[in-house]
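Letters go in sequence order (proteins before strands), and every chain restarts at 1.
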Protein chains: 2
Amino acid sequence: MEEGTSTSLGYPEGTVSAWSDAHQWDTREDCEVRQILDRIADKWSLLVLALLAERPLRFSELRRRIDGVSQRMLAVTLRHLERDGLVSRTVFPVVPPRVDYALTELGESLGSTVQALVEWTEGHQERIIEARNRYDSAKVSAEA
Amino acid sequence: MEEGTSTSLGYPEGTVSAWSDAHQWDTREDCEVRQILDRIADKWSLLVLALLAERPLRFSELRRRIDGVSQRMLAVTLRHLERDGLVSRTVFPVVPPRVDYALTELGESLGSTVQALVEWTEGHQERIIEARNRYDSAKVSAEA
DNA sequence: CAGTATCCTAGCAGATACTG
DNA sequence: CAGTATCTGCTAGGATACTG
């Protein structure tokens, strides 16, 4: 996609070692990481993953739980997660139709991390809001 | 921002219990969560946080490490993280100017989770790519 | 070096309507 | 119920230029 801006070619090979030391995300391999990260951390994916980490849910349940998500975006998000092998889609041949979504094994291995992230956010929202207020009032008085 | 779409007023209060049972994100309080989540999980924040979790870095170092980020977006991202109280900004009155960014205490409490997320992505990218290929070729043969 | 200011556009995402 | 299709606006974010 965006290739390196400046020194995209000719890396000092060997910089790709896992998470060991100083990290660089400008190697080709890590471009994948950025792209995947963008996908699982997009507007709705985290929420969907966190919910499915609890238990399987059907489309309408997910929609009800994640208020504000449009039918389209939930469908799109689920299709992405399914494509990435994180979520499985099970269609029950009944009428009215019923479709269950659940985490795959791969998805489960992500589930706890995502839940941790969501839990962190829940547990620290107060402090973040405080920080914002501090920052904003500092800005205002600085500009005045 | 987007307020509840349908039933934004008149919640059955008491639905806000932490992470206990079945979760709902359509309560007012949890709207905050969504908003905060969107911010820390946006295109560049996760990467910045993960890098700063290792050690403090200056602007140009961050920019070099996160290839593909524009000067503008790195600045914007850092301003957001600073506003949220996750990152501290230290200006050294030297010439040429030098500015260090580091995680605050609050940021540190998030750091390990974010690193876990990034590590997970690094460790599972192969499997995701495989899953995508499977999905795509299944789609193609289904349409053919 | 470490930013801000401005301009501009690709594509994300909402609304709406239709289908198996 | 569980979607897909289409249209469209809005804004995130890239490119560029300028400053302390």
Side-chain angles (χ1 to χ4, degrees), chain A residues 1-6 8 26 31 34-35 37-48 52 56-83 87-102 139 142-143, chain B residues 1-6 8 34-35 37-48 52 56-83 87-102 139 142-143:
Chain A
M1 197 180 291
E2 51 226 347
E3 288 306 304
T5 44
S6 45
S8 33
D26 51 351
C31 278
R34 268 242 308 290
Q35 189 215 333
L37 218 46
D38 275 0
R39 176 127 310 164
I40 67 185
D42 76 355
K43 186 162 190 172
W44 306 110
S45 296
L46 281 176
L47 260 14
V48 170
L52 292 182
L57 292 167
R58 37 195 305 197
F59 190 87
S60 52
E61 289 175 320
L62 280 169
R63 223 197 142 181
R64 229 172 303 117
R65 295 282 207 94
I66 308 175
D67 189 82
V69 72
S70 64
Q71 194 174 25
R72 180 177 171 277
M73 285 319 296
L74 181 54
V76 168
T77 300
L78 286 168
R79 230 61 341 120
H80 283 158
L81 294 176
E82 191 192 353
R83 184 168 105 102
V87 159
S88 67
R89 179 170 178 275
T90 311
V91 183
F92 295 89
V94 296
V95 37
R98 173 196 177 126
V99 181
D100 273 21
Y101 290 93
K139 276 295 163 197
E143 282 164 6
Chain B
M1 197 178 291
E2 50 222 353
E3 291 304 305
T5 44
S6 44
S8 30
R34 267 240 310 289
Q35 188 216 331
L37 218 45
D38 275 1
R39 175 125 313 160
I40 66 184
D42 75 356
K43 186 161 189 173
W44 306 110
S45 297
L46 281 176
L47 260 15
V48 170
L52 292 182
L57 292 167
R58 37 195 306 195
F59 190 87
S60 53
E61 288 174 321
L62 280 169
R63 224 195 142 185
R64 229 171 304 118
R65 294 281 207 96
I66 308 176
D67 189 85
V69 71
S70 63
Q71 194 174 24
R72 179 177 172 275
M73 285 320 295
L74 181 54
V76 168
T77 300
L78 286 168
R79 233 51 352 113
H80 283 160
L81 294 175
E82 190 192 354
R83 184 170 108 101
V87 159
S88 67
R89 179 170 178 274
T90 311
V91 182
F92 296 88
V94 297
V95 36
R98 172 196 176 126
V99 181
D100 272 22
Y101 291 93
K139 276 295 163 196
E143 282 164 6

Visitor: Contact class for A:R58 (heavy atom, under 4.0 Å): base, sugar-phosphate, or nothing?
Guide: sugar-phosphate
Visitor: Counting only side-chain N and O atoms of B:K43, is one of them less than 4.0 Å from OP1 or OP2 of C:dG11?
Guide: no
Visitor: With a cut-off of less than 4.0 Å, is there a side-chain N or O of B:S70 near OP1 or OP2 of D:dA15?
Guide: no
Visitor: Salt bridge check, A:R79 against A:E82: does any charged N sit closer than 4.0 Å to a carboxylate O?
Guide: yes
Visitor: Want to settle it: does B:V99 or A:V69 sit nearer the 5' end of DNA chain C, counting the closest nucleotide to each?
Guide: B:V99
Visitor: Can you tell me if B:R89 touches the phosphate of C:dG3, counting only side-chain N or O atoms and a distance under 4.0 Å to OP1 or OP2?
Guide: yes
Visitor: D:dC1 phosphate, OP1 or OP2: any side-chain N/O from A:Y101 under 4.0 angstrom?
Guide: no
Visitor: Round to the nearest Å and state the distance from A:Q71 atom CD to C:dC18 atom C1'.
Guide: 11 Å
Visitor: Where the side chain of A:R65 meets the backbone of A:L47, is there a donor-acceptor pair that is under 3.5 Å apart?
Guide: no
Visitor: Test your reading of the model: is there a side-chain donor-acceptor pair from B:S45 to the backbone of B:A41, 3.5 Å cut-off?
Guide: no
Visitor: Taking only the side-chain nitrogens and oxygens of B:R79, find out if one of them lies under 4.0 Å from OP1 or OP2 of C:dT4.
Guide: yes
Visitor: Quick one: stems for DNA chain D, with Watson-Crick or G-U pairs under 3.5 Å, at least three in a row?
Guide: C:1-20 with D:1-20
